[in-house]
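Here is the structure we will look at.
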There are 2 protein chains.
Amino acid sequence: MAAERSSTHAHRALITLRQRILNGELPGGTRLYEVALAEALGISRTPVRAALSRLAEEALLDRNAGGGFIVRSFAVADVVDTIELRGVLEGTAARLAAERGAPPELLAETGAILRGIDTLFQIETIDMEGYSHLNSRFHDLLARMSQSEVLIREIARIIALPFASPSAFLDDQSRQTDLVKTLAAAQDQHRAVIEAITHREGSRAESLAREHARAARRNVEFLLSREATPKDGAPSLAILSA
Amino acid sequence: MAAERSSTHAHRALITLRQRILNGELPGGTRLYEVALAEALGISRTPVRAALSRLAEEALLDRNAGGGFIVRSFAVADVVDTIELRGVLEGTAARLAAERGAPPELLAETGAILRGIDTLFQIETIDMEGYSHLNSRFHDLLARMSQSEVLIREIARIIALPFASPSAFLDDQSRQTDLVKTLAAAQDQHRAVIEAITHREGSRAESLAREHARAARRNVEFLLSREATPKDGAPSLAILSA
DNA sequence: TATCCTACAGTTGTATGCATGGAGACGTCA
DNA sequence: TGACGTCTCCATGCATACAACTGTAGGATA
């Protein structure tokens, strides 16, 4: 976590601060002071302000009435509701895709991704990084099939929150046995959604995509039900308020 | 539209620029230059940057790769999709309200608002400002009944776009006759949504709230179907790209 | 004792000058 | 004629000094 080599001070500050918020180093409710941050990061207030402004755009900070920024607090309910919201939005994307007709090239690309995931399953130990990548691409394609720029944008916005990403909690599954079962079930849901879209079954596509997001929600609830503190096994949940 | 008296230069710049974007004075695709704006507004670059940053947060500007801001383009499809999205989100709020049980005090307040709207209907010429205010409060309460901070926030975000507000297009209805009929129908829908929530009928509440948003969508399509250019009768549509 | 007033300290708001870096214009070379 | 390279200009990135504001603590007064 030394000095990162990106283009601008503002960008480096953005990355650093985002990281500190996500890993719980800057807990929800913390007021962020420009001067203090500038000194801590060894830069001036100007790029700090730029970074804070972008974090507010990402919904990780709230603007304080009368100036200043405060780290947003995320309770368990917020995480659950955000995942639910992703399900609703992806459900809408699936419905629109079915109603409007998904572009053949996107359907083809999706098919290739699903076959790619199948291939991963044939190896004993699953390549999680590879799965995560393909899974993200699948969800990206699903959004694009809606052919709605507005929806694509809003889904991207929600997914930017780490705990709401379709690939969240994949790296912190403790029970490897369950994991395989879980992923196989998810793959079945992927197929069902695409099938519904292909057959122009809007309502069915919407329900299936919604239900698919529920898997992530169950994952959260499982991780939180364990005795261990969330931060140990689930980095994505480090942001949770105490 | 002279110099407005708010607290800071940045805030005044924000209001001025927002207005110019919404009324089409700064059409979609326009690149905004800090120096030029600073000179035009008679202030320095710093508050201009602050204002631009907040407009990006409101989704009225896009950040240009490599710096700078560009006015976002809104096509008819974007307006329609945004209204559809509001319907989806308000539908979700209604469903959650039904599933989780709406707080009695919110239901009571909603009832008062609905009675208030009824009262407006008893006068020959409807007080549009009054209706608009009550209608906004109804939609605000609907969001809050979901008891989901995440959803409340996202709905507020969408409604901030002028053409997606539940009270958009009220002031630019040309045919006063249809207007009364339209508003009466909307009021029926309001009642139906609340009834479904009260009876804990989640799916029905969701469908009704969604359909309610379709009224706004039909309004857009009606306004655009007229011969007159959009800007004349419908200020909310002035933002549309040519 | 309660309230108001004042002064101060700390924080953000603003202006400005300089640094940096990218895109386009222009010219040269193959 | 086309492509490549360089040079210049202009917009943004950044630092810094100063201004304005806000909340608070302390004291004075009724």
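Just so it is clear, the model here is predicted, and its values are computed rather than measured. Numbers restart at 1 for each chain; the letters A, B, ... are given by sequence-line order, proteins then strands. For the numbers below, each heavy atom of this structure counts, side chains included, while hydrogens, waters and symmetry mates do not.
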Atom pairs under 3.5 Å, N or O on each side, protein against nucleotides 19-24 of chain D: can you list them with distances?
none

Quick check on the helix from C:dT1-D:dA30 to C:dA30-D:dT1: what's the angle between its two end axes, five base pairs per end, to the nearest 10°?
20°
Answer yes or no: is there a side-chain heavy-atom contact under 4.5 Å between A:Leu55 and A:Val71?
no
Going by heavy atoms in the side chains, are B:Thr16 and B:Leu41 under 4.5 Å from each other?
yes
Return the residues of residues 27-53 of chain A meeting this criterion: a heavy atom under 4.0 Å from some atom of DNA chain D. Order them by number, or give none.
A:Ile43, A:Ser44, A:Arg45, A:Thr46, A:Pro47
Scan for ring pair (Phe, Tyr, Trp, His ring centres under 6.0 Å) pairs involving [range], sequence neighbours excluded, and state none if there are none.
range	answer
residues 131-153 of chain B	B:Phe138-B:His190, B:His139-B:His190, B:His139-B:His212
residues 17-45 of chain B	none
residues 53-86 of chain B	B:Phe74-B:Phe163

List for me each residue that meets side-chain hydrogen bond (donor to acceptor under 3.5 Å, both in side chains) alongside B:Arg63, sequence neighbours excluded, and say none if there are none.
A:Glu57, B:Ser53
Inter- and intrachain pairs under side-chain hydrogen bond (donor to acceptor under 3.5 Å, both in side chains), touching residues 64-73 of chain B, at least two apart
none
About how many Å separate CD1 of B:Ile83 and CG of B:Leu161, when rounded to the nearest 0.5 Å?
10.5 Å
Shortest non-hydrogen separation from B:Arg100 to B:Ser146 and the atoms involved
NH1-O, 3.3 Å
Holding to salt bridge (Lys or Arg N to Asp or Glu O under 4.0 Å), I want the full list of residues that pass it with [X], two or more places apart in sequence or in another chain.
X	result
B:Arg210	A:Glu206, B:Glu206
A:Asp62	B:Arg153
A:Arg217	A:Glu84, A:Glu221

What is the 5' to 3' range of DNA chain C, first to last nucleotide, that sits under 4.0 Å from any heavy atom of chain A?
C:dT11 to C:dT14
